[in-house]
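Below is one structure, written out as structure tokens, with a few remarks after it.
Every number for a ligand or one of its atoms is a count from 1 in the order of the listing. Model, not experiment: these values are computed from the prediction.
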Amino acid sequence: MRILITGGTGFIGCHTTVELQNAGFDVVIADNLSNSNAKVLDRIEKITGKRPDFVKADLSNARECALVFDTYTDIQGVINFAAYKAVGESVEKPVEYYKNNLGIFLNLIENMTHRGINYFVQSSSCTVYGEPDSLPIKETSPVKKATSPYGHTKQIVEEMLSFITKSTPVKAIALRYFNPIGAHESALIGELPNGVPNNLMPFITQTAMGIRKELKVFGNDYPTPDGTCIRDYIHVVDLAKAHVVALQRLINKEYKEDLEFFNIGTGRGFSVLEIIDSFEKSTGKKLNWTFAPRREGDIIQIWADTSFAEKELGWKAQEDISSMTLSAWKWQEALAE
Ligand code: WQD
């Protein structure tokens with residue numbers, strides 16, 4: 001079965017391509033390469049022995065998006081990763097974020113409804129919850145007012161899907177990611193942010209590699225055990241596998257609602273200092289870091305209640321925190337070769 005993966009040369013997209021191919025699906029990737037590199041296609045082929053088809057396309061452009069579906073008439077499902085995703089940048093460039101992220105989504109759905117393609121998996125985010133009132137957070141926990149255009153586009157897509165899946169044959173699953181980190185065991189694919197990393201893990205590995213002078217820990221006066229923020233970090237391969245089981249649930253018509261949401265995390269939170277400690281222990285590398293003021297927009301703590309995904313998808317994260325931090329380092333080392 002042919003699946004379209006939009007944004008498939010990105011960090012989570014390429015890991016999901018590998019797991020889909022491992023599960024016997026044929027994949028075509030559509031990506032504008034604005035935040036990724038086509039070299040990833042060679043790496044995927046090296047890992048699975050199968051080179052995914054690829055179309056360079058700006059999917060927010062209606063004509064380019066339709067051309068993908070005109071070219072690959074055997075597409076039967078879509079996994080949508082394609083979006084701009086830098087929280088801070090979205091605050092500076094809201095119009096670009098709304099146009100791009102919502103434009104891509106609407107073009108995809110329009111093509112799907114016109115061509116009888118009914119399976120849609122949406123890359124969503126725990127960002128939709130904002131600062132949780134209670135933890136661990138459930139899919140039924142309230143979605144809070146967005147604190148950035150990036151998070152707002154994630155919420156809007158979920159809301160549009162709730163109407164679209166009721167009035168069209170398209171059925172969907174939105175996976176609410178927590179914090180994906182780590183890399184495939186081959187160290188052939190991994191996180192490769194453009195420029196200075198926003199996210200913690202690539203900043204840690206680049207600091208350990210000497211690319212960055214020191215890691216700044218944003219805030220040590222939060223109401224948490226060690227004063228630093230807590231997040232639910234999940235291995236990107238565990239996250240990728242969740243997309244395969246979500247797609248299979250749609251294909252096998254095992255869904256119980258036209259649109260379903262699943263928290264994809266480990267169910268356990270780690271503080272920034274605990275991540276640093278895990279990194280140093282798993283790699284043997286000493287990290288140069290210092291405390292710095294809080295970062296605007298950071299929530300204090302969040303971690304997932306993953307019981308719904310375990311029960312309904314039969315999915316549970318398998319990799320532990322040392323596997324996440326070590327695999328991230330192995331990938332950083334491979335980049336230096
Ligand atoms: C994690 C923790 C920082 C960098 C965001 C988006 C989310 C998703 C993942 C796209 C926080 C601290 C970080 C640094 C630090 N994005 N930190 N020094 O903010 O939880 O989630 O990225 O899909 O939607 O919201 O991830 O890795 O940026 O930060 O101390 O140099 O690490 O303050 O507590 P975040 P993050």
Handout entry: Mode of Tyr177 contact toward ligand 1 - side chain, backbone, both, neither (heavy atoms, under 4.0 Å)
Key = neither
Practice task
Go through ligand 1 atom by atom and flag the ones less than 4.0 Å from a non-hydrogen atom of Thr127.
Solution key: 7 (C), 24 (O), 25 (O)
Practice task
Apply salt bridge (Lys or Arg N to Asp or Glu O under 4.0 Å) to Asp320 and Arg268, showing your working.
Solution key: CA-CA 10 Å; Asp320 65 14; Arg268 167 135 188 228; over 6 Å; no
Exercise for the section: Using a 4.0 Å heavy-atom cut-off, say whether Asn179 meets ligand 1 through its side chain, its backbone, both or neither. Expected result: side chain
Problem - atom 20 (O) of ligand 1: the protein heavy-atom neighbour that sits closest, reported with distance to 0.1 Å - result: Arg231 NE, 2.7 Å
Practice task
Run the numbers for me: atoms of ligand 1, each under 4.0 Å from some heavy atom of Asn198, listed by number.
Solution key: 4 (C), 28 (O)
Exercise for the section: Can you sort out which atoms of ligand 1 are near Val87, meaning under 4.0 Å from one of its heavy atoms? Expected result: 6 (C), 25 (O)
Problem - ligand 1 versus Val272: contacting region, heavy-atom distance under 4.0 Å - result: side chain
Handout entry: Close N or O approach (Cys229, ligand 1; < 3.5 Å)
Key = no
Problem - Glu257 atom CD: more than 12 heavy-atom contacts under 6.0 Å - result: no
Exercise for the section: Below 4.0 angstrom from a heavy atom of Val217, which ligand 1 atoms are there? Numbered from 1 as shown, please. Expected result: 30 (O)
Practice task
Using a strict cut-off of less than 4.0 Å between a Lys/Arg side-chain nitrogen and an Asp/Glu carboxylate oxygen, indicate whether Glu280 and Lys286 qualify as a salt bridge.
Solution key: yes
Exercise for the section: For the pair Arg63 and Asp58, find out whether any cationic side-chain nitrogen is under 4.0 Å from an anionic carboxylate oxygen. Expected result: no
Exercise for the section: Just need the protein heavy atom nearest to atom 18 (N) of ligand 1, so name the residue and atom and give the distance. Expected result: Lys216 O, 2.8 Å
Exercise for the section: Before signing off on this row, confirm whether Leu200 and ligand 1 have an N or O atom pair separated by under 3.5 Å. Expected result: yes
Practice task
Would you mind telling me which of Lys154, Glu158, Arg176 makes a side chain to side chain donor-acceptor pair (under 3.5 Å) with Ser124?
Solution key: Glu158
Exercise for the section: Check the hydrophobic clustering (I, L, V, M, F, W, Y; side-chain heavy atoms under 4.5 Å; chains of links allowed) and say if Tyr119 and Ile3 are grouped together. Expected result: yes
Exercise for the section: Mark up the atoms of ligand 1 that fall under 4.0 Å of a heavy atom belonging to Ser125, in ascending order. Expected result: 24 (O)
Exercise for the section: Decide, yes or no, whether a salt bridge links Asp26 with Lys50 under the criterion of side-chain N to carboxylate O below 4.0 Å. Expected result: no
Exercise for the section: Specify side chain, backbone, both or neither for Tyr233, according to which of its non-hydrogen atoms lie closer than 4.0 Å to ligand 1. Expected result: side chain
Problem - Polar proximity ligand 1 side, Lys85 side, N/O cut 3.5 Å exclusive - result: no
Handout entry: No-hydrogen, no-angle side-chain donor-acceptor test under 3.5 Å, Asn35 and Asn194
Key = yes
Handout entry: Cation-pi geometry met for Arg2 and Tyr72 (6.0 Å, 45°)
Key = no
